[in-house]
Amino acid sequence: MGVTFEKKRKIFHLFTKHFSYYIHVNKYNYLIHLYSGKYLNDISKERVSERYMERYAFLNDEKKETMDEDYYFSFVASQFEVAPFGKGDKRNSPFIIEGENNTPITNFLFQSYKIIKGPYSKNKYPLPHVKFLSSDVTTLIITLKDEYKEVYLELYYEISEKFDCLIRFSKIINKSSENIKVKKLSSFELDLPSSNYNILALKGTWGNDTEVEMIPLNHSLTKISDNHGGRGFYFNPSVALVSNEASLDSGEVYGFSSIYSSDFSYEFKVDEIDQTRIIGGYNEETFEYLLKENEDIYSFETIIVYSNKGINGMSQLMHNLIRKRILPSTKSIQKDFILLNSWEGFYFDFDTDKIISLVDEAKKCDINLVVIDDGWFKNRNTDTTSLGDWEVDNKKIDLKKVINYAKNLGMKIGLWVEPEMISPISDLFKEHPEYALIPEDYKHPTLFRHQLVLDLTNPKVIDYIFNKISKIFDEYDISYVKWDFNRYLTESYSSFLSTERKKETNYRFILGTYELLNRFNKKYPNILLETCSAGGGRFDLGMLFYSPQIWASDETDITLRASIQYSKNIFYPLRSIGAHVSNRKIGSIQDKACLAFFGTFGYELDITKLNEEDKKQIKFFNSLFKDFHHVVEDGDYYAIFSPFKTNYVAWNVVSKNKKECLVYFMNYKKEQTKSRFLKIKGLAPNKYYFNSLTSDIYKGSFYMNVGLNLSCPMDPYFSALFVLKEIDDIRATIFRKTKQVDGGKRDKLM
Ligand code: DGJ
């Protein structure tokens, strides 16, 4: 059982083997956060809460001052689970509700609790979520009620021993007869007694989709958020709080990841006595929700993990959970796809013959899936037209012929779509201009990439677009779909929604997107879905709930790609990161393949134009894919060199049984001979490993403490993929004695 409640002291303890989270219900029925961190089996609420700040005082029913007798509670400095709004705590608050009197004082007080074995039932939960099994978790539900209004708040804590994580979300229920505006709705608040941290955020822009930014906490409010209504490069919805003493492999790190694909926010506020408050939830800038009597609304879920094994420890906890309980099952999907995408090879310029010759060449290179990217549908020869007109452009491509041709070679075909969009130059816009997301009478809606967004707050639009794209997938035997989303929302106040609900547009839009994705997955369980958003503009767990992989970036040049992938690796399992070998300037096919191997792996270039040597390389990497890609998919990830701190980028992935390990290394600017050792992480210290760098055998402890010796001169962008494979003791001893130059001598050294 991962939750206990000590009745006498009114203390909840949520725990895993490594993590403890303590909450106290104080005498005024506020929920006080006592502790979250390394596992602890004892706590003193008094010693933890004491703040020596101004005590709580209020007018009682007789209009007399009542003052708290001790120092355990102070609005100014107590650590709350749910800080009130409009009262004495002037730090940021997680929830704000406003009644018809326009007085948004929000003061949720403890009422009751429930502990249940297993997860909270998500039947009515409208958003993507962690799909826990009943043996994975214990759930604590705490119900609070607003001091004056018949409005309830439920806090959910799913604590999982198995995945060593805590999932937080909440729900507000209006049981009063007045209309309530929910102005702020969060998944969690976490108050920590120190400010000794940096925020690790992933910021980005198109083409440099994710970059690690370390932001020191300070006393102003730091907000890591997005307000684009999806496709927000600016900040990714996964962040970490890294203690100043922490490194890649040691020290305290809290990781947070929102399971949401629209406007999120994390607020970090250091208060006047240097405590830190973190609040994560909908971004209040673009969120307001009307609750009529008996209506409710949930927040999205946020995953919280705690590691005292540094950033890598945090990454591994995230990866394990996401792989096992978020990504959709791919049971009914062909798994061994090595794909070749037409985009960077052809852009819009292709026809039946070109695609068929691509299929032919792909076959020769052991590629088994060819994806026809943008440009296959009605009059779509540039990005200025046709979104919404999902019919094959028969003048341009004979899709049936291509599919049959591929089938005869034992290959598959995939297609690109962008269902949430509409081009002003399209039949759909002519017929249904009202399907576009434009406010009533609004004359000059903003275009991006020449396109508008469909109004997915309207169920009719969802039906229309789903039927339209379904027709394609029903008629053509497609094995893979790339689902793109190339612009963000602007002027997003739907003309379909009633006046009082206009500000719900961004939230309802993403619900519409999820509805579409859900219908797609239900109807086409055999199609592999890869989402995309002008590259990796919507790379989040909301999308990964529906699609097992996301195209990581339109930047495929290894220079930036390596740091983009390094950044994504911190939170997202490598198997979910769409990565292709392209024809960009820098690096050889081999250099590019080394990097793409640590993602989904595929190609994106006109391979008919490659020379024989390059094709040989492609075949070699494809055979490596068959032998070793499972390590990338399921192994434990360790970052070694950060491209944001060193001239290198390097990481390694070790299979769960520690028998195989893959290592990636890239050098940025040219360096001369330099003492350079690549210390591998996570091997079994006493097992022998064969390494593909020097083709000899040493123990795990050697590779971990001395490392692979790379002390040679290095050209710019020198890239490598090394394999280390466990060898049993007998074979290792024979090899070392007979083949290894220093085998005999080194036995004694180790
Ligand atoms: C943006 C994607 O990131 C690209 O890979 C490609 O699919 C284009 N859209 C097509 O328009």
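When a ligand or atom number is given, it counts from 1 through the structure's own listing order.
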Problem set entry | Heavy-atom check, side chain of Lys401 versus side chain of Ile356, under 4.5 Å |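 Sidechains of Ile356 and Lys401: in contact.
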Using a strict 4.0 Å cut-off to heavy atoms of [X], name the atoms of ligand 1 that fall inside it.
X: Cys532; result: 2 (C), 3 (O)
X: Ala534; result: 1 (C), 3 (O)
X: Trp551; result: 3 (O), 5 (O)
X: Arg449; result: 10 (C), 11 (O)

Problem set entry | Worked check of ring pair (Phe, Tyr, Trp, His ring centres under 6.0 Å) between Tyr282 and Tyr260 | CA-CA 9 Å; Tyr282 297 121; Tyr260 194 55; 5.2 Å; yes
For this session: Any chance you could measure Ser342, atom OG, to Tyr347, atom OH, to the nearest 0.5 Å?
Result: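 Nearest 0.5 Å value for the OG-OH distance: 10.5 Å.
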Problem set entry | Asp554 side, atom CG; Asn486 side, atom CG - distance, nearest 0.5 Å |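 So the CG of Asp554 and the CG of Asn486 are separated by 7.5 Å.
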Compute whether any side-chain donor of one residue and acceptor of the other, for [X] and [Y], lie under 3.5 angstrom apart.
X: Asn622; Y: Tyr603; result: yes
X: Lys363; Y: Asn368; result: no
X: Glu420; Y: Trp483; result: yes
X: Thr205; Y: Asn208; result: no

Tell me whether ligand 1 is touched by [X] - counting only heavy atoms on the residue side and a distance under 4.0 Å.
X: Glu530; answer: no
X: Asp554; answer: yes
X: Lys482; answer: yes

Exercise. Under 3.5 Å between some N or O of ligand 1 and some N or O of Glu604?
Worked result: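 Checking ligand 1 against Glu604, no N or O pair falls under 3.5 Å apart.
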Exercise. Are any of the N or O atoms of Phe348 closer than 3.5 Å to those of ligand 1?
Worked result: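 The answer is no, given that Phe348 and ligand 1 share no N or O pair closer than 3.5 Å.
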Do me a favour and list the nearest non-hydrogen protein atom to [atom] with residue, atom name and distance?
atom: atom 9 (N) of ligand 1; result: Asp484 OD2, 2.7 Å
atom: atom 7 (O) of ligand 1; result: Asp373 OD1, 2.7 Å
atom: atom 11 (O) of ligand 1; result: Asp374 OD2, 2.7 Å

For this session: Report the part of Asn341 (side chain from C-beta onward, or backbone N, CA, C, O) that has a heavy atom under 4.0 Å from ligand 1; answer both or neither where that applies.
Result: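 It is neither; nothing of Asn341 touches ligand 1.
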Problem set entry | Six-ring centre of Phe346, Lys354 cation under 6.0 angstrom, axis tolerance 45° |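 Yes - Lys354 lies over the ring of Phe346, closer than 6.0 Å to its centre and within 45° of its axis.
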